[in-house]
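For reference, the structure is listed below as structure tokens.
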Amino acid sequence: MAIMSACHATRALRPFQVTESARLTWLVVLAALLFMASGGSAEARTAKIALVVSGDEQMQADLKELVERFERDQPLSGDSLGLLQGAQAALARVNTALRSRGYYGATITATVDGRPIAEAGAIDAIDARPENEPVSFAFDVATGPRYRIADVAIRPPTAQASLPAIDRAKLGLAPGDPADASAILVAQDKLITELRKDGYALASIKRDVVVNHATREATVTFVADTGPLARMGPVRFSGTDKVDTVWLQRRVPFKEGEPYDPTKVDALRGKLTSLGVFNTVRIKPAATLDANGELPFDVELADRPSRSIGFGISYETQLGIAVSGFWTHRNLFGQAESLRLTAELNHIGQGYAILDTGFAFRAAFRKPDWWLSGQDGRLEAAGLKEVLDAYTRNAVTAYAGFDRIFSPRWQARLGLAGEASRITRNGITMDYQLVGIPLSILFNHANSDLNPTEGYRVDLDVTPWIYSRNFFTVIRLTGRHYFDISEDGRSVLATRASLGTEPAVSIGAIPPDKYFYAGGGGSVRGFVYQSAGPRDNFNNPLGGASLFEASVEFRQRFGKSWGAVAFVDAGSAYPFFIPDFSLFAPRVGAGLGMRYYTDFGPVRVDVGMPINRREGDPPFGVYVSLGQAF
């Protein structure tokens with residue numbers, strides 16, 4: 001019955017009739033659908049900024065770069081209102097840039113089809129243009145003269161307060177200097193730094209800049225509130241559940257009650273980050289002094305994973321491929337004791353059999369603050385096989401000693417070393433059992449260990465060795481200097497020089513692996529590893545009892561992560577205790593390289609060519625590894 005009723009009801013429907021109003025409604029809906037399907041012509045409009053700058057040439061280049069960067073990061077597109085708002089934002093950026101560089105009298109005319117973009121008629125001008133044509137905003141900038149500093153005043157907040165003596169030369173801001181906003185801010189930061197060095201940990205600065213357009217000068221006033229003199233307060237650690245915080249207290253480089261010194265806070269940060277067990281170290285001074293006039297510190301720590309593994313690969317044309325892997329435990333017993341196990345295969349693909357492949361297995365243990373704060377105990381052991389043109393060496397080595405940090409610049413290493421080796425050279429195999437006392441002294445005035453751009457480093461290595469009835473000492477002095485040409489770390493001239501000598505009872509009794517050798521990726525690029533020096537009749541390196549090396553390298557960065565280098569290396573080993581250039585000139589190599597900069601150091605690829613090439617030397621060498629050459 002229900003089905004029949006439905007059929008009956010269907011038959012009862014009258015034919016559908018389309019009225020005029022329905023047709024109009026459908027046309028409107030169809031037009032809207034077509035508009036949305038096309039993306040909306042108003043939303044697809046684009047615009048460009050036509051910039052014309054008169055006046056200072058450097059400012060012209062800077063403003064052009066600013067506008068190009070703005071258009072790249074925030075493209076002018078959208079409806080008419082969106083285009084206008086984008087152009088107004090770009091105009092504000094230009095105006096801010098001019099004032100920050102001291103061009104307070106600059107004039108800017110910003111129009112679209114002759115109408116100022118700040119007026120309401122600007123949007124009508126945009127709407128009047130054909131929708132398929134880009135809109136052009138005209139920015140005409142006249143920089144005018146650059147304003148100068150008339151005076152730099154430093155005063156306390158009240159007449160009753162006083163200020164300590166301040167060396168104004170350290171601020172880097174003086175009358176007659178350009179009224180550059182960045183220079184004023186830097187001077188303010190330097191003033192706070194100087195006050196805090198004097199023990200005013202809670203010092204604050206208020207800045208007031210008054211511009212006189214008539215004289216085209218600016219008067220800068222720093223109102224310095226020193227606050228009370230402070231003393232170093234207690235340190236509280238939080239955030240770590242793996243490292244013994246009682247032990248961390250022993251690494252604090254100051255005592256409660258000492259005069260406040262910001263360098264001690266930096267030293268605390270350095271002593272914590274150098275442990276390698278924390279991802280982050282945040283030191284937060286309290287906002288006020290405690291009842292004892294001391295400044296407490298809260299140190300927030302975030303633990304790194306205790307264990308990690310890693311792999312590496314390097315390549316030299318003559319040495320072949322080397323691959324390595326390591327396993328590290330950073331916190332064995334809760335006081336940042338570290339154990340690192342390393343395995344390496346080298347000389348891969350350079351021989352004719354598996355026996356020509358070298359290897360090394362190493363273990364290294366470090367105990368921070370062994371006996372004394374700032375003194376790390378070390379234990380090391382290794383088993384290795386070296387397959388080189390100069391010799392083949394199988395050895396077991398051991399070392400026990402300590403590293404001592406005397407200051408941020410000075411550090412030293414002293415220990416006891418022993419090794420048992422079997423060395424084959426020119427078909428003759430000899431066994432050696434040696435005991436040595438390695439001593440290393442480092443003075444480090446460079447701004448980075450991974451990628452220095454300024455400063456210098458000086459290394460002195462001295463190791464007396466004794467075996468059987470023979471005695472000799474390996475001495476090497478190396479200096480490195482880095483000159484920041486561009487003052488921003490992007491253009492750097494790096495130089496290196498190294499001298500070595502081996503006083504001995506008998507030069508011929510020195511084991512072959514303890515001779516000096518030159519050549520290779522860390523020495524004279526373009527020459528085979530160890531080959532820059534005396535050679536036998538079969539072109540095998542002989543090494544020598546003295547060494548000279550020198551390098552010059554220009555490093556230029558491009559963009560964020562890439563760089564290029566040009567270098568010249570020179571050096572050679574010499575047969576006697578003192579390098580004798582009358583025997584033969586140092587080998588010289590030159591070449592080019594690329595760098596890819598990462599957080600853990602640059603990846604380098606260098607191609608070196610021997611300049612004074614000898615018979616048997618290859619025409620070039622390729623070197624791929626992690627870290628700068630020096």
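As the structure is a computational prediction, the values presented were derived from the model and not from experiment.
For the residue pair Asp127 / Ser80, a side-chain donor-acceptor distance below 3.5 Å is found, with atom types taken as modelled. Between Asn444 and Asp449, the side chains place a donor N or O and an acceptor N or O closer than 3.5 Å (distance only, hydrogens not considered). Asp569 and Ser551 form a side-chain donor-acceptor contact under 3.5 Å, judged by distance and modelled atom types alone. Residues Ser491 and Gln556 bring a donor and an acceptor atom of their side chains to less than 3.5 Å of each other. Side-chain atoms of Ser498 and Thr478 form a donor-acceptor pair, as typed in the model, at a separation below 3.5 Å.
Asp225 has no carboxylate O lying under 4.0 Å from a charged side-chain N of Lys206, or vice versa, which leaves the two without a salt bridge. For the pair Lys264 and Asp261, the salt-bridge criterion is not met [side-chain N within less than 4.0 Å of a carboxylate O]. Between Glu553 and Arg595 there is a salt bridge, with a side-chain nitrogen of the basic residue lying less than 4.0 Å from a carboxylate oxygen of the acidic one. In summary, Glu65 and Arg69 engage in a salt bridge, as defined by a charged side-chain N under 4.0 Å from a carboxylate O. Classification of Asp606 and Arg604 as a salt-bridged pair holds, one side-chain N sitting under 4.0 Å from a carboxylate O. The existence of a salt bridge linking Glu131 and Arg45 is excluded, since no basic side-chain nitrogen approaches an acidic carboxylate oxygen closer than 4.0 Å. Taking 4.0 Å as the cut-off between side-chain N and carboxylate O, Arg231 and Glu258 do not count as a salt-bridged pair.
Taking CG of Leu51 as the start and NZ of Lys64 as the end, the distance is 9.0 Å to the nearest 0.5 Å. Taken to the nearest 0.5 Å, the CG atom of Leu301 stands 4.5 Å off from the CZ atom of Phe278. Going from atom CZ of Phe222 over to atom CG of Leu163 covers 13.0 Å, rounded to the nearest 0.5 Å. Note that the CG atom of Leu289 and the OH atom of Tyr260 stand 10.5 Å from one another [nearest 0.5 Å]. Rounded to the nearest 0.5 Å, atoms CZ (Arg207) and CD1 (Ile184) are 7.5 Å apart. We find the CZ-CD1 distance between Arg307 and Ile309 to be 12.5 Å, quoted to the nearest 0.5 Å.
The closest donor-acceptor contact from the side chain of Arg146 to the backbone of Gly102 lies at 3.5 Å or more, if one exists at all. Under the 3.5 Å distance criterion, the side-chain polar atoms of Asn95 are left unmatched by any main-chain donor or acceptor of Ala92. Here the side chain of Ser274 pairs a donor or acceptor atom with the backbone of Lys271 at under 3.5 angstrom. With hydrogens and angles ignored, the 3.5 Å screen pairs no side-chain donor or acceptor of Arg168 with any backbone N or O of Leu173. Proximity of a side-chain donor or acceptor of Tyr147 to a complementary backbone N or O of Asp180 within less than 3.5 Å is not detected. The main-chain N or O of Tyr200 is never found under 3.5 Å from a side-chain atom of Asp198 such that the two would form a donor-acceptor pair. Listed for the Arg480 side chain is no donor-acceptor partner under 3.5 Å among the backbone atoms of Arg457. Counting only distance, with no hydrogens or angles, the side chain of Thr111 and the backbone of Asp113 share no donor-acceptor pair below 3.5 Å. Under the 3.5 Å distance criterion, the side-chain polar atoms of Asn212 are left unmatched by any main-chain donor or acceptor of Arg216. Remark: side-chain polar atoms of Asp140 are not paired, donor with acceptor, to backbone N or O of Val53 under 3.5 angstrom.
For Arg496 and Phe630, the positive end sits near the middle of the six-membered ring, less than 6.0 Å away and at most 45° from its axis. With a 6.0 Å cutoff to the six-membered ring centre and a 45° limit on the axis angle, Arg525 counts as a cation-pi contact of Phe567.
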Notebook entry, point to check: Could you go step by step and tell me if Leu295 and Leu202 meet the side chain to side chain contact (heavy atoms under 4.5 Å, CB included) rule?
Noted result: CA-CA 9 Å; Leu295 184 68; Leu202 303 180; 4.0 Å; yes
Margin query: What verdict does the side chain to side chain contact (heavy atoms under 4.5 Å, CB included) test give for Val565 and Phe554, after you've listed the backbone C-alpha separation in whole Å, the side-chain angles of each residue and the deciding distance to 0.1 Å?
Written below: CA-CA 5 Å; Val565 304; Phe554 176 72; over 6 Å; no
Notebook entry, point to check: So Asp298 and Lys284, salt bridge (Lys or Arg N to Asp or Glu O under 4.0 Å) or not? Walk me through it.
Noted result: CA-CA 5 Å; Asp298 286 332; Lys284 295 184 176 180; over 6 Å; no
Margin query: Could you go through Lys242 and Asp303, starting from their C-alpha distance and side-chain angles, then the distance that decides it, and tell me whether this counts as salt bridge (Lys or Arg N to Asp or Glu O under 4.0 Å)?
Written below: CA-CA 7 Å; Lys242 296 180 180 180; Asp303 291 319; 5.5 Å; no
Note to self: Would Gln60 and Asp56 count as a side-chain hydrogen bond (donor to acceptor under 3.5 Å, both in side chains) here? Give the steps.
What the structure shows: CA-CA 6 Å; Gln60 178 180 359; Asp56 184 78; over 6 Å; no
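The number of heavy atoms from other shown groups lying within 6.0 Å of CZ (Arg148) is above 12. Counting heavy-atom neighbours within 6.0 Å of Arg99 CZ, excluding the residue itself, gives a total of 12 or less. Other residues, nucleotides and ligands contribute more than 12 heavy atoms inside 6.0 Å of the CD atom of Glu133.
Aromatic ring centres of Tyr596 and Trp562: separated by under 6.0 Å.
Residues Leu268 and Pro253 approach most closely at N-CG, 3.6 Å, considering heavy atoms. Nearest approach of Gly608 to Tyr623, heavy atoms of both residues: N-CE1, 4.2 Å.
Checking each of Ser338, Ser306, Ser308 against Arg330 for a side-chain hydrogen bond (donor to acceptor under 3.5 Å, both in side chains) leaves exactly one that passes, namely Ser308.
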